[in-house]
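Written out below as structure tokens is the structure these notes cover.
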Amino acid sequence: MIELIVTLDRADPEPLHRQLERALRDAVRGGRLTAGSLLPSTRALAGQAGVSRGIVVEAYEQLAAEGYLVARPGGATRVATAAHPAAARRSAIAPASVDFDFRPGRPDLGLFPREAWLRSVRRALGEAPSERLGYLDGRGVPELRMALADYLDRARGTAADPGDIVICSGFSQGLKLVGQVLHESGARRVAVEDPTQPETGDDLRAIGLEVVPIAVDESGMQVGDLDAADVDAVVVTAAHQYPTGGVLPPERRVALLAWAERSGGLIVEDDYDAEFRYDREPIGALQGLRPGRVVYAGSASKILAPGLRLGWFVVPTALSDRVARAKLVADLGSPAIDQLAFADFLAHGELDRHLRRMRAIYRARRDALLVALARHLPELRPVGASAGLHVLAWLPPDVDEAAVIAAAARAGIRLQGVGPMSGDLGRRVPATGPMRRGGLAFGYGLIHEGAIDAAVERLASVLADIRRVAAEVG
């Protein structure tokens, strides 16, 4: 007689035939009953489990209907050959694998203002007109566009018309929407800073645009190279160049705007973290000087949390209808409740309060990082430390950036190098000038102030080991 151990709980309110179905189904999924395995007859299993034969018949019939079992009239019942054990379920949360995380451009999510945001969500749900929960136009809810126009004009010096603001799911989507409209209008080449984040070039190439790198020095993009580049648009981080931290000086800002007027080109101003400044006065947005030639781009990713997926593009009036239509086609608009909550958050001054708090915290971390670098790694040259969420430190010429990144990872330190951001956005070019040497972008959004010195001290040991091995090989 074929025996099969199944456990049924008569005190469980779940019917016995359902318990039996679940036990057999789990046995197949878990691999205890393999494809082709012979099962006891209904009469035999009923005797073994101490239940009526009808319960087993009902369970077998249900599992046969689901494809787990096959049975021939008057014949044996087997596990179907199509049934395979389920693959081991992977955890949805990746375990932490580093001791010190210096990845740049990431805010401290543990300091997200949950209570203030929850109040805004509640007010938004309680006060918003019912029609805001329906399908909207591509621009976004009017409450958020009006609140953003007020905030950006006040805090960033823009000249934003709520009718020209398009709410998107972040900078990447907004850039694709603008690029798509430009491409449909005949644009073919777009300039980007070199170095910059590789995703910018990836997004532009994905919609068929050619990406043209323009070199960056200590003062940001060398805008004098734009005429020779023969481009239709340019993406620039004027207030805080990513990753070098350079601030575009007045003469280059004037030259950039003059290029746009002269060529008919468009400037996309990525104002990704200008709200965080420590040792200098705020730099107003380019858009405020030439609203018809500049697209202003911002998002909640650095100032609040990237998981909110909230971005905003202030688009020249001549393009705003087409960008809004492109957004509508892309996804029918961003979530309305999130937009309404952010509008309330802005209107009640919560963002201003949050930014004041975070500036003090990030400044203390920035200061601790600079002190630790000076103490343990004086050969590194930090730049662009006056604002933002990271400091770029140039490596000495004899130290290979990729080797440092790999060795640091093995030592439990997560870093990002400038190499993948250089050249043709990810395709590394030969080291030919001061901006081509290796560098490390130290983000301080994810690491607490008290851990910074120990992290840099450990990194100093990593560099010492690299140099020792190189000397022994040499």
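Bear in mind the structure is a predicted one, so any value in this text is a computation, not a measurement. Keep in mind that the numbers below use all heavy atoms, side chains included, and drop hydrogens, waters and symmetry copies. Nothing fancy with the numbering, it's 1 onward along the sequence.
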Ion pair check, [X] and [Y], cut-off under 4.0 Å:
X: Glu127; Y: Arg123; answer: no
X: Arg322; Y: Glu184; answer: no
X: Glu210; Y: Arg188; answer: no
X: Asp398; Y: Arg467; answer: yes
X: Arg106; Y: Asp101; answer: no

May I ask you to decide if [Y]'s main-chain N or O and [X]'s side chain share a donor-acceptor pair within less than 3.5 Å?
X: Arg353; Y: His348; result: yes
X: Thr34; Y: Ser37; result: no
X: Arg103; Y: Arg414; result: no
X: Arg458; Y: Ala411; result: yes
X: Arg325; Y: Gly138; result: no
X: Gln19; Y: Asp9; result: yes
X: Tyr362; Y: Asp108; result: yes
X: Arg145; Y: Pro162; result: yes
X: Gln173; Y: Lys327; result: no
X: Gln48; Y: Leu4; result: yes

- Message: Would you say Gln62 and Glu66 are linked by a side-chain donor-acceptor pair, where the criterion is simply a distance under 3.5 Å?
- Response: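 Side chains of Glu66 and Gln62: pair found under 3.5 Å.
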
- Message: Checking side-chain polar atoms at under 3.5 Å, does Glu350 have a donor or acceptor matched by the opposite partner on Ser120?
- Response: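 Short answer, no.
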
- Message: Could you go through Phe276 and Leu355, starting from their C-alpha distance and side-chain angles, then the distance that decides it, and tell me whether this counts as side-chain contact (heavy atoms from CB on, under 4.5 Å)?
- Response: CA-CA 8 Å; Phe276 297 124; Leu355 290 174; 3.8 Å; yes

Is any side-chain heavy atom of [Y] closer than 4.5 Å to one of [X]?
X: Trp394; Y: Val418; value: yes
X: Pro316; Y: Leu266; value: yes
X: Val315; Y: Leu177; value: no
X: Arg119; Y: Pro113; value: no
X: Gln339; Y: Ser334; value: yes
X: Leu136; Y: Leu328; value: no
X: Leu395; Y: Asp400; value: no
X: Val28; Y: Arg25; value: no

Looking at [X] and [Y], what are the two nearest heavy atoms and their distance?
X: Pro195; Y: Gln241; answer: O-NE2, 2.8 Å
X: Val121; Y: Ala341; answer: CG2-CB, 3.7 Å
X: Glu401; Y: Pro420; answer: OE2-CD, 3.7 Å
X: Phe442; Y: Leu369; answer: CB-CD2, 3.5 Å
X: Val462; Y: Ala407; answer: CG1-CB, 3.5 Å
X: Ala372; Y: Val456; answer: O-CG1, 3.5 Å

- Message: Which label fits His240 and His390: parallel for a plane angle under 30°, tilted from 30 to 60°, or perpendicular past 60°?
- Response: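 His240 and His390: tilted rings.
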
Can you confirm whether [X] is buried at [atom1], in the sense that more than 12 heavy atoms of other residues, nucleotides or ligands lie under 6.0 Å from that atom?
X: Arg10; atom1: CZ; value: yes
X: Arg43; atom1: CZ; value: no
X: Glu131; atom1: CD; value: yes
X: Arg468; atom1: CZ; value: yes
X: Leu38; atom1: CG; value: yes

To the nearest 0.5 Å, what is the distance between [atom1] ([X]) and [atom2] ([Y])?
X: Leu209; Y: His183; atom1: CG; atom2: NE2; result: 5.0 Å
X: Phe313; Y: Asp164; atom1: CZ; atom2: CG; result: 14.0 Å
X: Leu24; Y: Leu45; atom1: CG; atom2: CG; result: 6.5 Å
X: Thr237; Y: Glu193; atom1: OG1; atom2: CD; result: 3.5 Å
X: Leu39; Y: Arg78; atom1: CG; atom2: CZ; result: 9.0 Å
X: Leu304; Y: His354; atom1: CG; atom2: NE2; result: 5.0 Å

- Test side-chain contact (heavy atoms from CB on, under 4.5 Å) applied to Val234 and Ile214, step by step: CA-CA 9 Å; Val234 56; Ile214 302 293; 5.8 Å; no

- Query: Please walk me through it: do Leu459 and His376 pass side-chain contact (heavy atoms from CB on, under 4.5 Å)?
  - Reply: CA-CA 9 Å; Leu459 181 62; His376 301 296; over 6 Å; no

- Residues Asp321, Arg139; criterion salt bridge (charged side-chain N to carboxylate O under 4.0 Å, His left out); working and verdict: CA-CA 8 Å; Asp321 283 346; Arg139 284 177 169 81; 2.4 Å; yes

- Message: I'd like to know whether the aromatic ring centres of Trp312 and Tyr151 sit less than 6.0 Å apart in this structure.
- Response: no

- Under the side-chain contact (heavy atoms from CB on, under 4.5 Å) criterion, do Leu148 and Ile167 qualify, and how do the steps go? CA-CA 10 Å; Leu148 274 170; Ile167 306 301; 3.6 Å; yes

- Does the ring-ring contact (aromatic ring centres under 6.0 Å, His included) test come out yes or no for Tyr272 and Phe171, once each step is laid out? CA-CA 8 Å; Tyr272 66 100; Phe171 175 76; 8.9 Å; no

